[in-house]
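Just so it is clear, the model here is predicted, and its values are computed rather than measured. One is the number of the first residue; the rest follow in order along the sequence. Read the numbers this way: they start at 1 and go in the same order the structure lists the ligands and their atoms.
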Amino acid sequence: MLILGIESSCDETAAAVVADGKRILSNVVASQVLTHEKYGGVVPELASREHLRKIDLVVDEALARAQIRLEAVDALAVTEGPGLIGSLLVGLVYGKALALSLDKPLVGVNHLEGHIHAVLLENHRACAAGMTVEKAKLPAVTLVVSGGHTSLFRVDAEDRNGRTAFSYKPLGRTRDDAAGEAFDKVAKLLALGYPGGPIIDQLSNFGDPAAVDFGRIKMKGNPFDFSFSGLKTAVLYRVRGTDLAAEAEARRAWRKTVSGRVTANELRAHCSPVTLDLVASFQHAVVADLVMRTMAAAENAGVATILVSGGVACNSLLRTRFAEVARNHAMDVFFPSLELSTDNAAMIAAAGYYKLLAGERAGISLTAHASFPLES
Ligand code: KG4
Ligand code: ZN
């Protein structure tokens, strides 16, 4: 079954063709980073307009790279939510119109379910390529960690009449900022650029992660919930009114004189050791918290598999720490490739495949939801 996936929930316009929920024939992502970087965050109205401009081209490109004609598509899967409502509507209405005009089945997919399937899709790809990778065994605890989400779920798979049916149980979520949002806000405060995650990841290699002890993040109530706004404020207090603030202002002025993107090395040359120590310590604190709560949730659920996905899953320290800690606990941890960690439509097509197999079909009333809890 050839599925055309469409994803437009935030600032990436994406389309992909995936065969049988497992084999990626194409995966096209048009990033809007250049549009939003001068604001240090996604501007919703600009994002919707960019999606409108690009959606046609991106879908055409996905079909061309898959070397198929539109008529060869068997079904469509579109992101239904959660996300920015204007952005979601562009991909959703486009997918709905295509499905109607082609008279092909359509399903709506939860963006978080897509991120979870990105890990399974990667696992299929690695196993099929004969790489020495274990098959991801479910049940698992999964951490979806990005600019918009930091959530833990238990994922189960069961065989229903020869078909795999997945179910998701929420275990915890952030009560304020998402982890990626905290990376982006700290980078903005320090005038390091946008998006902040990859920049802080690279700069942290040159700082001491033990230089600033932010302490452990304390949570009352559910121990599998997250909170990163306090950490972000702790960074702010260390910067405001100090030499670090003046240094950030100098960096902001320098960046305005440089056209195009700056490399991590150029940026590093404009950062004092104290700033590098601060970002490395911040990253260390975020990663330690993500790993600790995910491991605790996995132990509590009695599962031996952990899936990590979303933009922050690209973080190199997060990958290393998870691998180390999981090994010590005799658990297996799986990540998607970097390309499948961030927003993409292959994961939407993969998640949609199982819904289609289960007979799910979206009607003309399918609509977008800014808030859309995942539980089934
Ligand atoms: O999944 P994604 O592409 O979009 C959302 O659904 O939010 O994630 C984007 C987020 C941004 O906040 C970005 O700063 C963060 O992922 N990110 C990273 C890294 N690469 C991307 N955070 C930490 N380390 C990274 N290497
Ligand atoms: Zn996402």
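For Asn344 (side chain) and Met347 (main-chain N/O), a donor-acceptor pair under 3.5 Å exists by modelled atom type. With hydrogens and angles ignored, the 3.5 Å screen pairs no side-chain donor or acceptor of Asp176 with any backbone N or O of Ser227. Using modelled atom types, one side-chain atom of Thr150 and one backbone atom of Ala179 make a donor-acceptor pair closer than 3.5 Å. With Asp11 contributing its side chain and Val42 its backbone, the two residues share no donor-acceptor pair below 3.5 Å. Within the 3.5 Å criterion, the main-chain N or O of Leu2 finds a donor-acceptor partner in the side chain of Asp74. Side chain of His36 to main chain of Val43: a donor-acceptor pair is present (N/O by atom type, distance under 3.5 Å, no hydrogens or angles).
Summary of contacts: the protein heavy atom closest to atom 26 (N) of ligand 1 is Asp201 OD2, 2.9 Å. The protein heavy-atom contact nearest to atom 14 (O) of ligand 1 is Asp184 OD1, 2.7 Å. The protein atom (non-hydrogen) at minimum distance from atom 17 (N) of ligand 1 is Gly311 O, 3.5 Å. For atom 24 (N) of ligand 1, the closest non-hydrogen atom of the protein is Asn315 ND2, 3.0 Å.
At under 3.5 Å, a nitrogen or oxygen of Gly197, whether backbone or side chain, sits near a nitrogen or oxygen of ligand 1. Distances between N or O atoms of Thr342 and those of ligand 1 include no value under 3.5 Å. Residue Gly310 places no N or O, backbone or side chain, under 3.5 Å from any N or O of ligand 1. Annotation: His149 places no N or O atom under 3.5 Å from an N or O atom of ligand 1; distance criterion only.
With ligand atoms numbered from 1 in the order given, ligand 1 contributes 14 (O) to contacts under 4.0 Å with heavy atoms of Pro195. In summary, the atoms of ligand 1 found under 4.0 Å from a heavy atom of Cys314, numbered by their order in the structure, are 20 (N), 26 (N). Below 4.0 Å from some heavy atom of Gly148 lie the following atoms of ligand 1, by number and element: 7 (O). Each of the following atoms of ligand 1 lies closer than 4.0 Å to a heavy atom of Gly180: 12 (O).
Between Glu7 and Ser9, the side chains place a donor N or O and an acceptor N or O closer than 3.5 Å (distance only, hydrogens not considered). The closest side-chain donor-acceptor pair between Asp56 and Tyr94 falls under 3.5 angstrom. No donor-acceptor contact under 3.5 angstrom links the side chains of His51 and Ser8, judged on distance only.
One of the N, O or S atoms belonging to His115 lies under 2.8 Å away from the Zn ion (ligand 2).
For the pair Arg293 and Phe224, the cation-pi test (distance below 6.0 Å, angle within 45°) is failed.
Distances from atom 10 (C) of ligand 1 to the heavy atoms of Ala178, Ser204, Gly147 put Gly147 nearest.
Proximity of Asp343 to ligand 1, defined as any heavy-atom pair under 4.0 Å, is shared by backbone and side chain alike.
Note on ligand 1: His115 sits in its first shell, one or more heavy atoms being nearer than 4.0 Å. Taking a 4.0 Å cut-off on heavy atoms, Cys10 fails to register as neighbouring ligand 1. In this structure, His111 is part of the shell of residues with a heavy atom less than 4.0 angstrom from ligand 1.
The Zn ion (ligand 2) is closest to atom NE2 of His111 (considering only N, O or S atoms). Taking the Zn ion (ligand 2) as reference, the nearest N/O/S atom within Asp343 carries the name OD1.
In this structure, the ring of Phe282 has its center no less than 6.0 angstrom from the ring center of Phe214. Residues His117 and Tyr353 keep their aromatic ring centres 6.0 Å or farther apart.
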